[in-house]
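Take a look at the structure below.
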Amino acid sequence: MQTSASTAPKGASFFSETPDRIFTVEDFSSDDRLMIETAEQFSRNEVMPHVEVIDKQEDGLMPKLIKKAGELGLCGVDAPEAHGGLGLGKNLAARILEFMSLNGSFSVTYGITSGISQVGLALFGTEEQKAKYLPSLTAGETIGAYALSEPNSGSDALSATTRAELVNGQWKLNGTKMWISNAKWADLFLVMAKIDGEKFSAFLVERDRPGVSISREEHKLGLKGSSTARLVLEDALIPEDNRLYQPGLGHHVAFNALNIGRFKLASMSMGPARDAMGLAAAYTDDRKQFGQSISNFGLIQKKLATMAALYFATEAMVYRTGALIDSAFETWGGTIDGNRKASEEYAIECSACKVFATEAEAWIVDEALQCYGGYGFTEEFPIARHYRDARVSRIYEGTNEINRIFLADRLMRWAKDGRASVTAAGDSWISELAGKALATKPTDQIRVGACSDLVMLAYAEQSARLRAAQMGGAGAAMYDLFLNVANARAAEAYQWATGESVVLPAAKSVDVAELARRVAECRGPVR
Amino acid sequence: MRILVPVKRVVDPYAKVRPLADGSGLDTTGAKFEINPFDEIAVEEAVRRKEADPSVEIVVVSIGAGECEEQLRKALAIGADRAILVETSEAYDSPSIAAELAAVVAAESPDLVLMGKQATDDDNNQAGQMLASRLGWPQATFASKLELGAGKATVTRETDTGTETLEIPLPAVVTTDLRLNEPRYIALPGIIKARSKPLERRPAQTTPRLRTRVLKVESPPSRAAGRKVASVDELISALKEKGVL
């Protein structure tokens with residue numbers, strides 16, 4: 001189902017209404033599936049066999065892989081057709097991204113250059129700017145990067161101190177940008193700086209401009225194959241035409257790129273989770289103790305079944321959100337103002353996806369490692385890399401804490417402005433709890449954060465429930481297991497939000513062994 | 001030159017499948033379907049010919065239900081020019097498939113029929129040979145290398161005793177082995193382009209007359225656990241016990 005433009009639901013309407021139907025991955029067309037298959041084959045054949053050399057940042061390897069992906073059309077899936085992209089939807093682009101993300105280091109490199117480095121340009125660039133930079137980025141011939149954070153400006157992004165001054169018809173930039181993914185091999189940086197120290201604005205900075213340099217690589221816990229370094233601007237000179245969008249409105253560029261970026265990060269974190277599930281399923285089948293496969297044991301089956309349930313719910317909410325974003329772009333997109341509105345409409349859903357998917361990823365890679373026992377703790381087996389790589393997902397693209405503050409807070413502000421409703425749909429126990437918690441109008445961070453958890457769980461539960469009803473088959477069992485997990489989490493969040501006690505509904509009974517068997521059969525997420 | 005490539009829709013050869021409870025067939029709910037891998041190699045080979053010589057036209061054909069369109073679109077995305085779907089809900093065995101393909105050949109007059117040596121679902125390895133025989137055309141099976149010249153094809157085929165090189169006049173039937181080539185990744189723009197390539201639906205021209213029928217599908221019996229022996233002597237007496245020695 002493609003949600004028709006005229007009936008695109010309002011942002012955050014999931015909270016107060018239950019739709020009849022949602023888009024799910026089962027609705028992707030056979031053409032879409034062929035494209036997704038190309039992405040998966042690329043990952044399995046071109047990336048996964050080389051993860052060890054990728055982690056050593058072998059010279060030239062990453063740009064070569066990006067170029068190869070570009071030749072297959074993978075670097076500009078949702079970029080405009082006029083500038084070398086395929087002009088397809090963001091939801092399909094996100095699903096392709098998930099399958100391009102089986103390895104974390106490649107995922108970040110690809111995700112940034114095909115995503116957040118392009119989206120600002122595509123949404124806010126002039127035709128000249130797009131024509132100049134997009135074709136080589138979408139072809140994978142050049143690599144893009146996004147530069148917002150600074151040493152003393154992380155979550156508080158608007159406090160950036162990088163300056164831009166117009167001198168003799170050129171912008172002169174000064175400052176240091178921190179945690180710049182792709183810094184080592186990027187040709188183009190989308191840089192946020194304040195004009196005359198005041199007007200927060202976006203700039204397109206080419207790597208070979210005078211005064212542009214890259215510092216040493218950060219020594220990271222994970223994602224060792226991805227480049228992360230500082231971008232140092234010392235009297236860097238760029239043409240006057242390279243300011244992106246209006247002076248003083250750089251936050252529109254930065255934050256709307258981030259809204260879409262958060263949604264896409266959800267897909268990026270599902271890729272490694274997917275691979276980790278496959279690894280755990282294969283290993284537990286293979287590993288014999290007490291004369292049998294350890295996949296025959298209840299506590300291993302519980303892990304595999306819970307992975308399937310968490311993944312199922314994440315997939316339901318993420319691709320439901322992607323279809324909503326596509327419908328918003330169909331409704332309003334095209335003009336710069338329309339693009340801004342479209343990328344902002346589902347900001348609450350995007351934050352919910354980011355937090356929920358990255359935490360599901362963390363749980364899945366952790367338990368997958370546990371399935372390996374002592375071997376999981378060694379570098380001889382592939383699961384340790386997933387474990388290390390996944391850690392940053394909860395930190396970047398807005399920490400999960402910042403997203404939690406933002407989520408419920410924004411919903412309450414929207415309700416005050418009449419833009420959304422905080423009257424809960426009441427279609428689940430979680431929804432009822434979320435409605436009661438928000439009615440207390442919390443203001444302190446701990447209570448707001450707990451309310452965000454309830455809103456997020458309500459969205460995940462509703463998405464999983466609708467998907468299970470639509471797909472049939474194993475959907476029902478995955479939903480039931482997810483509901484048990486989600487209810488318990490909601491009870492805890494409700495206690496934090498209100499200080500009141502709650503009584504959990506009775507747990508659904510689930511055939512855990514059968515679900516675990518399906519994970520083994522599918523070698524990963526259950527279809 | 002026109003190359004006709006028959007493609008069969010098969011259950012993903014890497015998927016685990018289970019028989020239906022009543023043994024009437026396979027449980028395909030939720031299963032993924034693919035182009036038979038040998039046929040995909042044939043499509044790839046045809047596309048390589050076309051890349052070397054743009055006058056080559058590639059027609060892909062599938063015989064079966066409407067869902068076969070998926071595999072035909074995939075073949076078009078790889079680079080075939082047009083597709084024919086012979087729509088039927090009948091069951092076919094190899095002789096019936098050869099008969100229906102012969103009707104397609106009569107309508108399309110290809111210079112070469114290039115197809116998989118067998119399908120991964122039933123592993124019959126017969127349709128290509130039967131088609132050649134029915135048409136009275138030369139055939140070269142299990143091709144691991146193919147060269148096309150003026151009015152002839154040179155085919156290297158792998159046999160149990162080594163490789164054999166055949167030269168056959170066209171038109172001919174050539175069946176492909178695994179080592180002929182490695183199919184490419186399907187580029188996304190190719191998938192978009194395939195949407196506007198012609199796909200013609202035709203009714204079947206022949207009625208299948210089955211010479212073989214599938215009576216029952218069941219899983220192979222699970223192997224009973226063996227036992228460990230401590231010494232060669234014990235092994236020999238165990239084998240004697242079983243009457244093997």
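Lettering of chains follows the sequences in order, A, B, ..., and the numbering in each one begins at 1.
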With the threshold set at 4.0 Å, does a side-chain nitrogen-carboxylate oxygen contact exist between [X] and [Y]?
{"X": "Arg9(B)", "Y": "Asp121(B)", "value": "no"}
{"X": "Arg274(A)", "Y": "Glu315(A)", "value": "yes"}
{"X": "Glu26(A)", "Y": "Arg33(A)", "value": "no"}

* To do: Measure distances from Glu46(A) to the heavy atoms of chain B and classify the residue's part below 4.5 Å as side chain, backbone, both or neither.
  => both
* To do: Taking all heavy atoms of Phe99(A) and all of Ser43(A), pick out the closest pair and write down the distance.
  => O-OG, 2.6 Å
* Of all the heavy-atom pairs spanning Ser101(A) and Ser107(A), show the shortest one and how long it is. => OG-OG, 2.9 Å
* Structure fact -> So salt bridge (Lys or Arg N to Asp or Glu O under 4.0 Å) across residues 229-240 of chain B, not counting sequence neighbours, yields Arg227(B)-Glu234(B)
* Asked: Looking only at side chains, do Arg157(B) and Thr163(B) share a donor and an acceptor under 3.5 Å apart?
  -> no
* Has Lys90(A) got its NZ or CZ under 6.0 Å from the middle of the six-membered ring of Phe329(A), at an angle within 45 degrees of the ring axis? -> yes
* Asked: What residue, out of Arg527(A), Arg523(A), Gln41(A), Glu71(A), has the most heavy-atom pairs lying under 4.5 Å from chain B?
  -> Gln41(A)
* When Ala39(A), Gly73(A), Cys522(A) are compared by non-hydrogen pairs under 4.5 Å with chain B, the top option -> Gly73(A)
* Nearest-0.5 Å distance, CD of residue Gln292(A) to CG of residue Asn296(A) -> 4.5 Å
* Would you say Glu34(B) and Lys32(B) make side-chain contact, with heavy atoms under 4.5 Å? -> yes
* Quick one: ring pair (Phe, Tyr, Trp, His ring centres under 6.0 Å) partners of Phe28(A), sequence neighbours excluded? -> Phe23(A)
* Would you please go through residues 48-77 of chain B and name the residues with a non-hydrogen atom below 4.5 Å from one of chain A, in numerical order? => Glu70(B), Lys74(B), Ala77(B)
* Structure fact -> Within residues 175-198 of chain B, the residues sitting under 4.5 Å from chain A by heavy atom, in sequence order, are Tyr185(B), Ile186(B), Ala187(B), Leu188(B), Pro189(B), Ile191(B), Ile192(B), Arg195(B)
